[in-house]
Asks: 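Okay, handing you the structure first.
Residue numbers start at 1 and run along the sequence shown. Since we're looking at a predicted model, the values are computed, not measured.
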Amino acid sequence: NDDDDSDRSSSPVRYHEPFTVHQKILLEQTRSVLADANDHPAGTLSYAHIIQISNCIHQWISSGEHRYLGAEQAERLMKRLIVERGGGRSLAARTAAQGGDGGSPSSSTSNRAWRTNEAVTWGMYHFFPVVQYFNALYTGRDFVDRVLGIVATFEEEYVNDATDDIDSGGDGDHYLEVPYKMMISCLCDRRTPHAAAAAELVLDRFEMRLRERPGYHSNPPEVETFNSIMSCWKASGAVRYPPACDPPYSHHPNPCSNLLCRLLELYNSDPEDM
């Protein structure tokens, strides 16, 4: 059935079946809490339910024994918590894009009051340990794509929040900001080539959002942000980008030199901002 398929990766050989008794229990628990969550509009879960989801993430990654199965379940649960915090913009947009409400994505998501759930805190995502878990399992593009998938969920849920707040009569000061720099810091702590490549791509997405909406974020990237990523590249020992992990800008084949050129380019374009 569909539930079974969702618990398989695109590379089923990664799983060691049959599942252990502990894995079966955790899978059943995960399916139950996610099914219950789907019965409620995003932003309306109780604190107890949010804690259940967060605890499930911890159980999947705490021992390291669940490997790829644990990584995929933790990712699913984390994304549901992000949706809960943001109010469900990504779900509404996806439904509209599929024609689920008979309207266009823009018409279904504009002029709507989103109910964000402030009970969800940063620590509940277990972002740092989840990335550490990914880092031990995946390399290259596999790792990067998983991280960017989580970043994309944050962006879909949070990125329009300031505009929505103003449109709803707010002052724009009470909105959710994508925690770009916290995610970059976590990735840089991993000190592997794929983590450094992911951090560089997250930084580029941050810069792109700021170009689209100047002043959007209260904590924009600084020279130290670039330095952290360069330090990560240096600690990883890599002198080239991993396969299929091309940088968002190409000035030099060496990652540190490439970032330095990018920093110089930004400085030359607007010294006061650096």
Asks: Closer than 4.0 angstrom, basic N to acidic O: yes or no for Lys79 and Glu75?
Replies: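 The answer is yes: the pair qualifies as a salt bridge.
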Asks: Between CG of Asn227 and SG of Cys232, what distance do you get to the nearest 0.5 Å?
Replies: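 The CG atom of Asn227 sits 13.0 Å away from the SG atom of Cys232.
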Asks: At what distance, to the nearest 0.5 angstrom, does SG of Cys188 lie from NZ of Lys181?
Replies: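 Result: 11.5 Å between the selected atoms.
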Asks: Would Ile82 and Trp122 show up in the same hydrophobic cluster when neighbours are defined by side-chain heavy atoms closer than 4.5 Å?
Replies: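 Linked, Ile82 and Trp122 end up in one cluster.
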Asks: How close do Tyr47 and Ala119 get, heavy atom to heavy atom, and via which atoms?
Replies: CD1-CB, 4.0 Å
Asks: Taking Ser236 for its side chain and Thr192 for its backbone only, find out whether a donor-acceptor pair lies under 3.5 Å.
Replies: no
Asks: Under a 4.0 Å threshold between the charged nitrogen and the carboxylate oxygen, would Arg80 count as salt-bridged to Glu84?
Replies: yes
Asks: Nearest heavy-atom pair of Val130 and Ala74: which atoms, and what distance?
Replies: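 Nearest pair, atom of Val130 first, then Ala74: CG2-CB, 4.4 Å.
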Asks: Is Met182 close to Phe127 at the side-chain level, that is, under 4.5 Å between some pair of heavy atoms?
Replies: no
Asks: Are Met208 and Glu212 close enough, and set up right, to give a side chain to side chain contact (heavy atoms under 4.5 Å, CB included), and what steps lead you there?
Replies: CA-CA 6 Å; Met208 181 174 65; Glu212 293 172 351; 3.9 Å; yes
Asks: Side chain to side chain contact (heavy atoms under 4.5 Å, CB included) for His66 and Gln59? Distances and angles first, verdict last.
Replies: CA-CA 9 Å; His66 305 304; Gln59 290 180 70; over 6 Å; no
Asks: Please check: side-chain N/O of Asn117 versus main-chain N/O of Leu45, any donor-acceptor pairing under 3.5 Å?
Replies: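 Here the side-chain-to-backbone pair exists.
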Asks: Could you tell me whether the side chain of Phe206 reaches within less than 4.5 Å of the side chain of Asn219, counting heavy atoms only?
Replies: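 A side-chain contact is absent here, since even the closest heavy-atom pair is not under 4.5 Å.
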Asks: A side-chain contact here means heavy atoms from C-beta on lying under 4.5 Å apart; do Cys56 and Leu34 qualify?
Replies: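 A side-chain contact is absent here, since even the closest heavy-atom pair is not under 4.5 Å.
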Asks: Could you please spell out the steps behind the ring pair (Phe, Tyr, Trp, His ring centres under 6.0 Å) verdict for Tyr138 and Phe143?
Replies: CA-CA 5 Å; Tyr138 303 103; Phe143 175 88; 7.7 Å; no
Asks: Rounded to the nearest 0.5 Å, how far apart are CZ of Phe154 and CD1 of Ile150?
Replies: 8.0 Å
Asks: Quick one: closest heavy-atom pair of Ala196 and Ile229, and the distance?
Replies: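 Smallest interatomic distance, heavy atoms only, reads O-CG2, 4.0 Å.
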Asks: Backbone N or O of Val33 within a donor-acceptor pair of the His49 side chain at under 3.5 Å?
Replies: yes
Asks: Is there a side-chain contact between Pro41 and Arg115 (heavy atoms, below 4.5 Å)?
Replies: no
Asks: Counting only N and O atoms by type, is there a donor-acceptor contact under 3.5 Å from the side chain of Thr153 to the main-chain atoms of Gly149?
Replies: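 Present.
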Asks: Drop me the distance from Asn258's CG to Glu200's CD, to the nearest 0.5 angstrom.
Replies: 6.0 Å
Asks: Are Leu203 and Pro221 close enough that some pair of their side-chain heavy atoms sits under 4.5 Å apart?
Replies: yes
Asks: Answer yes if the side chains of Ser54 and His126 hold a donor-acceptor pair under 3.5 Å, and no otherwise.
Replies: yes
Asks: Counting distance only, does the side-chain N/O of Thr30 pair as donor-acceptor with the main-chain N or O of Leu26 below 3.5 Å?
Replies: yes
Asks: Hey, does the side chain of Ser32 reach the backbone of Glu28 with a donor-acceptor pair shorter than 3.5 angstrom?
Replies: no
Asks: Taking side chain as C-beta onward, heavy atoms only, is Phe19 less than 4.5 Å from Leu69?
Replies: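 Touching, per the 4.5 Å side-chain cut-off.
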Asks: Quick check against the 3.5 Å criterion: does Tyr125 have a side-chain atom that pairs as donor or acceptor with the backbone of Ile57?
Replies: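 Looks like no, no N/O pair under 3.5 Å.
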Asks: When rounded to the nearest 0.5 angstrom, what is the spacing between NE2 in His252 and OG in Ser257?
Replies: 4.5 Å
Asks: Taking all non-hydrogen atoms of both residues, which atom of Glu207 and which atom of Tyr249 are closest, and how far apart?
Replies: OE1-CE2, 4.4 Å
Asks: What distance separates Leu264 CG from Leu259 CG, expressed to the nearest 0.5 Å?
Replies: 12.5 Å
Asks: Quick one: does Trp233's side chain get under 4.5 Å of Tyr241's, heavy atoms only?
Replies: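 Yes. Closest side-chain heavy atoms under 4.5 Å.
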Asks: Just wondering, more than 12 heavy atoms not from His58 lying within 6.0 Å of its NE2?
Replies: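 Atom NE2 in His58 is not packed in, count stays at 12 or less.
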Asks: Should Val202 and Val223 be regarded as members of a common hydrophobic cluster, given that ILVMFWY residues are connected when their side-chain heavy atoms come within less than 4.5 Å of each other, either directly or indirectly?
Replies: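 Looking at the clustering, Val223 is in the same group as Val202.
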Asks: With side chain to side chain contact (heavy atoms under 4.5 Å, CB included) as the test, would you mind laying out the steps for Phe226 and Leu266 before giving the verdict?
Replies: CA-CA 11 Å; Phe226 285 82; Leu266 292 172; 3.5 Å; yes
Asks: For residues Arg190 and Cys186, determine if any side-chain heavy atom of one lies less than 4.5 Å from a side-chain heavy atom of the other.
Replies: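 Yes, side chains in contact.
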Asks: Quick one: do Ser90 and Glu157 satisfy side chain to side chain donor-acceptor pair (under 3.5 Å)? Show the steps, please.
Replies: CA-CA 6 Å; Ser90 60; Glu157 289 295 330; 2.5 Å; yes
Asks: Hey, is the main chain of Ala244 close enough, under 3.5 Å, to the side chain of Arg141 for a donor-acceptor pair?
Replies: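 Pair found, side chain donor or acceptor close to backbone of Ala244.
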Asks: With a 4.0 Å cut-off, would you call Glu118 and Arg85 a salt bridge?
Replies: no
Asks: Might you point out which heavy atoms bring Gly86 and Leu176 nearest each other, and give the distance in Å?
Replies: CA-CD1, 4.0 Å
Asks: If every non-hydrogen atom of Cys245 is compared with every non-hydrogen atom of Gly140, which pair is closest and at what distance?
Replies: SG-C, 3.6 Å
Asks: Ion pair present between Glu155 and Arg89, side-chain N to carboxylate O less than 4.0 angstrom?
Replies: no
Asks: Show your reasoning for whether side chain to side chain contact (heavy atoms under 4.5 Å, CB included) applies to Glu65 and His22.
Replies: CA-CA 10 Å; Glu65 65 179 290; His22 189 201; 3.9 Å; yes
